[in-house]
Student: 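Mind looking over this structure? Questions follow.
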Amino acid sequence: MEIIRTTSRLSSLTKEAKAAGKVVGLVPTMGALHAGHLSLIQRARKECEYVVVSVFVNPTQFNNANDLKTYPRTEDADCELLRGAGVDIAFIPSVEEIYPEPDTRIFDLGEVANVMEGPMRPGHFNGVAQIVSKLFAMVNPDKAYFGEKDFQQIAVIRRMVEICGFDIEIVDCPIKREDDGLALSSRNVRLTPENRAIAPMIYKTLCESVAYAKSHTVDETRKMVIDNLNAVDGFEVEYYEIVDPITMQPIHEWKESVNGAPHGCITVYCGEVRLIDNIKY
Ligand code: PAF
């Protein structure tokens, strides 16, 4: 595995790989790698002949300075994990390398970005579109891998791909969970032991809501999830929405859609830590 810090070296190596007829896969990450990332990398390794993993804590997608400051950074451990996973390139650039000048692009992300994380984290999705479009332009991968934990982010990235006209397959990969159901996240290391003890109740409640939904309306089901979690000392639900899986727009009736089964998307503060999760109905 080669560790690369410059965009020029990254582009020239990936160009070579493509010229040699290799299928190139990209796994964009912000580091603090865990088994969830590893599952994306393993999938990429299976489907591609040349695998690039980027590790970059992208400042333009943070709308909270403290969140950016406290985001875990574990480069040595990340490199060890990437080496063990048989990655070809670990791309670990500096902020200056990626943004020699401020990125002033504003993406017209439309309806997929105007709900849930969109209004809660103004500028977040535009920042995601900025960094992912830069990585796509540098690597020009055949396939790029994203985790379904960030369910809305995948819809936003698909929209960015459409806007920019990239010919890249977006591969969404299932959420990885701890044995007790907590969705793996780099932010989990910031949970106190007390927070960690209650955190699995998020997924447990989402699972219970799937059974509850069979005899209740969408609005009743949504309310059940919000009320049950808010009743737990240590949780504060920011939002819970049951949405169309493609448009991300909240639905109010359980009806079949050509877009597939509705998805419930939640953000909960568990103590100081903002956790997200989702479930299919
Ligand atoms: O999901 C993430 O870790 C980030 O949003 C991504 C896609 C790597 C862009 O910085």
Side-chain angles (χ1 to χ4, degrees), residues 4 7 10 25-41 43-44 51-64 67-75 77-78 81-82 85 87 89-95 97-99 102-103 105 107 109 112-113 116-118 120-139 141 143-161 163-164 166 168-176 183-190 248 265 267 273-278:
I4 291 178
T7 56
L10 175 68
L26 170 67
V27 185
T29 82
M30 297 207 298
L33 301 177
H34 50 64
H37 297 109
L38 197 55
S39 72
L40 307 186
I41 295 165
R43 174 104 180 251
V51 175
V52 179
V53 177
S54 60
V55 174
F56 179 64
V57 182
N58 173 40
T60 71
Q61 72 187 74
F62 285 80
N63 59 329
N64 176 322
D67 194 21
L68 173 60
K69 203 169 110 197
T70 58
Y71 199 86
R73 288 161 169 87
T74 56
E75 186 178 313
D78 290 348
L81 186 140
L82 294 176
V87 163
I89 291 180
F91 177 53
I92 313 182
S94 65
V95 172
E97 181 67 19
I98 295 293
Y99 298 111
D103 190 340
R105 290 175 299 159
F107 290 81
L109 298 169
V112 295
M116 303 190 286
E117 295 295 283
M120 288 301 163
R121 303 181 71 191
H124 167 67
F125 282 139
N126 197 65
V128 170
Q130 288 176 337
I131 183 59
V132 177
S133 62
K134 275 178 180 272
L135 292 167
F136 281 5
M138 288 167 205
V139 176
K143 296 167 179 247
Y145 296 80
F146 297 89
E148 279 180 352
K149 184 172 77 67
D150 296 295
F151 192 69
Q152 191 180 5
Q153 174 172 270
I154 297 180
V156 165
I157 288 167
R158 289 189 195 282
R159 170 75 187 135
M160 178 279 290
V161 164
I163 294 169
C164 298
F166 288 119
I168 295 169
E169 184 189 340
I170 303 302
V171 183
D172 42 346
C173 305
I175 300 178
K176 277 274 166 196
L184 294 190
S185 163
S186 304
R187 293 172 202 271
N188 291 353
V189 296
R190 292 176 47 214
M248 298 292 123
C265 300
T267 292
V273 185
R274 191 172 185 273
L275 297 178
I276 69 171
D277 205 342
N278 63 79

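Computation of the quantities below employed the complete heavy-atom set of this structure, encompassing side-chain atoms and omitting hydrogens, waters and symmetry-equivalent molecules. Predicted model, so just to flag it, every value in this text is computed and none were measured. In each ligand, atom 1 is the first atom listed, and ligand 1 is the first ligand listed.
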Student: Taking distance alone, with no angle check, do Gln153 and ligand 1 share an N/O pair under 3.5 Å?
Tutor: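 For ligand 1, there is an N or O atom that lies under 3.5 Å from one belonging to Gln153.
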Student: Which atoms of ligand 1 have any heavy atom of Pro28 under 4.0 Å away?
Tutor: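 Heavy-atom distances to Pro28 below 4.0 Å select 8 (C).
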Student: If the cut-off is 4.0 Å to any non-hydrogen atom of Ile131, which atoms of ligand 1 fall inside it?
Tutor: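 Contacts of ligand 1 toward Ile131, numbered from 1: 9 (C), 10 (O).
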Student: Check this for me, if you would: do Lys134 and Glu97 make a salt bridge, where the nitrogen-to-carboxylate-oxygen distance has to be below 4.0 angstrom?
Tutor: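 Between Glu97 and Lys134 there is no salt bridge, as every charged N stays at least 4.0 Å from the carboxylate O atoms.
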Student: Looking at Arg274 and Asp67, is there a salt bridge between them, counting it only when a charged N and a carboxylate O are closer than 4.0 Å?
Tutor: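 Result for this pair is no, no salt bridge flagged.
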Student: Is the shortest distance from a Lys or Arg side-chain nitrogen in Asp172 or Arg158 to a carboxylate oxygen in the other one below 4.0 Å?
Tutor: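 Yes, charged N to carboxylate O under 4.0 Å.
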Student: Once you restrict to heavy atoms under 4.0 Å, what part of Ile157 touches ligand 1? Side chain, backbone, both or neither.
Tutor: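 It is neither part, as no heavy atom is under 4.0 Å.
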Student: Hey, does Gln61 come in under 3.5 Å of ligand 1, counting only N/O atoms on both sides?
Tutor: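 Yes, Gln61 has an N/O under 3.5 Å of an N/O on ligand 1.
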Student: May I ask you to decide if the ring planes of Phe56 and Tyr99 are parallel, tilted or perpendicular, using 30° and 60° as cut-offs?
Tutor: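 Tilted, since the angle between the ring planes falls between 30° and 60°.
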Student: Hey, what do you get for OG (Ser39) to NE2 (His34), rounding to the nearest 0.5 Å?
Tutor: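 Answer rounded to 0.5 Å: 9.0 Å.
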Student: Which option, Met30, Lys149, His124, Lys134, owns the non-hydrogen atom nearest atom 3 (O) of ligand 1?
Tutor: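 Looking at heavy atoms only, Met30 sits closest to atom 3 (O) of ligand 1.
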